[in-house]
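Chain letters run A, B, ... following the sequence lines, proteins first and then strands; every chain starts at 1. Since the model is a prediction, treat every value here as computed from it, not as a measurement.
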Amino acid sequence: MKNVLKKLGSMVITLFAVSFLGFAAFAVIPGDPAVMRLKTNATPAAVEALRHSMGLDRPFIVRYFDWLKDFFVGDMGVSYTYSRPVMSVIGSKMPVTLYLAVLSFIIMTAVSLPMAVYCAKNDGGRADRFISGVNQVLMSVPSFFAGILISYVFGIVLRVFVPGGYVSFSDDPGGFIYYMIFPAVAVALPKIAVCVRLLKSSIMSESGKDYVRTAYSRGERGTTVLYRHVFWNALIPAVTFYAMQFVDLIAGSIITEQVFNIPGVGRILMTSIEGRDYPVVLAILMFVAAAAVIGDTVSDLSAMALDPRIRE
Amino acid sequence: MKKLMKNKSFRAGLVITGVMVFLAIAGPFITPWDPEEMNRGLKFSGVSLSHIMGCDNFGRDIFSRVLYGLRTTMIVAVGTVFIGCAGGVIIGSLTGYFGGIFDTVVMRINDVLFAFPAVLIALVFVSLFGSSDVILIVALGVAFIPSFARMVRSEFLRNRSLDYVAAARLQGAGNFRIIFFHILPNAWPVLLQSVIIGFNNAVLAEAGMSFLGIGVQPPAASLGRMLSEAQSYIRVAPGYALFPGLVIILMVLGLGLMSRASYE
């Protein structure tokens, strides 16, 4: 329990540190946000008035805490490009990206767990060598190229779906879920390969331990030993690793969205970076950071749940 | 090193990587075509003897563009790994060697950065400083520092209490000398592994960034940008997307095979 609280505490501190670093990075860059927002109407008087109403004439620390306070109630400032609250610009796009990342996480886990167990069972066999060879290649495929290949094969050759034919969830929930499977597979594909390798080697090193020999010598069957003892112990390092992949899946989703024409945060992030729309960039950054830090904590906590030795 | 050469997958990786490096360096002497020369008559012309990968939407020779893109990717990857490795060695050796509050604070920040995908850190960098190839290299390099720092630090933690360090100190060696001439050479094998993986990730990161339109600007060729352009023409010219993609895969595969072997 003490360790759980410690982990949660360090998560909160890290989130603060990230938000401060992010805010500071965007505060020290040259260029006056007031001028950027006014664009061509930037007369000195108007700039001064806007600076005051935006609070830019106050000290940095005060601005930081104000920004943080507003952030918690969902007010992330105003986009320079759209002159609308950042929340209304990215609010509808966050869930799409998150859904894509979660779906690819589910696919990654659902495919890699049985595959790793299968490979470990047949270690060194023909099937194992074949899978590990294929995995080595899959590991080298960037998710966006996997996306291009998938949309070519399934979209243009096999015509199972329409590339670029994204429909929003509110228009057609079934169509949305169906369409998202293809980009999710593209994002998950390279990660499946990495996960299979890690989990397999974890199972292999676990099977060499003394307690496994003991279990065998008690007369337990191979499958019982594998599923009751080895698998769960091998899962402990794997859980941390799987959770770490989630952030990469978000990054992969952001890039792969471009291939499948999905209106997630990817496109808005790119246009905001080009247009130097800092409030939007900062907000998206904060979301990914939160996902990263929370994912990290969840992985630590689930490792604790699995392993009494680190639970205390 | 001799042991590594006996490993089949290491040799395969070395051959693939060697061919890729050769193609990148010797590119201009291999292809007779200018990668930026447009020829309307050749628009989307398929694979032929003179244009072995066909031509793109402007009638430019895809093979030449792939070679130039390969070269760009390698330059960015080398720069990225160099910055990441140098920064990581400095931070990792100092924190690992001295420890204390300095170590705690720096590694805390390091862990936070490590939690981010490198591509995203680089994107933030680009949004702050603008998009050019130099900034891309610096951005990716900085984004790669945390992973190197972590690795170097753990090597220093392991080594600093060993006898040979104590012996060096008794002989009167200063901290600087111990760090760079005693411990660092011992960290070399592990560092080499991370450098190979670093290259691997840097190639993928560069491809991803240029796919998003960051880095080398058109008309200069880059593999990621070729892929993003090829997407619009995939119905007419699937080869336009296929070849640059395959080259990225081969490059990453070669490095991946090498790093896998070095772990075994």
Pairwise side-chain contact, [X] with [Y], heavy-atom cut-off 4.5 Å (strictly under):
X	Y	answer
B:L120	A:I254	yes
B:I214	A:M270	yes
A:F145	B:I248	no

Handout entry: Proximal to chain B - members of residues 7-23 of chain A, heavy-atom separation under 4.5 Å
Key = A:S10, A:T14, A:V18, A:L21

Under 4.5 Å from a heavy atom of chain B, the part of [X] involved:
X	value
A:L282	neither
A:V293	neither
A:I156	side chain
A:V141	both

Problem - Residue part contacting chain A, namely of B:L123, when any heavy atom lies under 4.5 Å - result: both

Problem - Residue B:L250 versus chain A: region with a heavy atom under 4.5 Å - result: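 For B:L250, there is no contact with chain A at all, as no heavy atom is under 4.5 Å.
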
Problem - Which of B:I249, B:V119, B:L227, B:V203 touches chain A most, by non-hydrogen pairs under 4.5 Å - result: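 Ranked by heavy-atom pairs under 4.5 Å with chain A, first place is B:I249.
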
Handout entry: Option that, when pairs with chain B are counted at under 4.5 Å, heavy atom only, ranks first among A:V288, A:L285, A:I284
Key =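 Highest number of pairs under 4.5 Å: A:L285.
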
Practice task
Could you tell me which of A:D248, A:V259, A:L149, A:V137 has the largest number of non-hydrogen atom pairs under 4.5 Å with chain B?
Solution key: A:V259

Quick one: [atom1] on [X] to [atom2] on [Y], what's the gap to the nearest 0.5 Å?
X	Y	atom1	atom2	result
B:N200	A:S140	CG	OG	7.0 Å
A:F260	B:Q231	CZ	CD	8.5 Å
A:Q258	B:L212	CD	CG	5.5 Å

Fill in the blank from the handout: Minimal heavy-atom distance between B:G256 and A:Q136, with the atoms involved, is C-NE2, 3.4 Å

Is the [atom1] atom of [X] crowded by more than 12 outside heavy atoms at less than 6.0 Å?
X	atom1	result
B:F102	CZ	yes
B:I101	CD1	no
B:F22	CZ	no

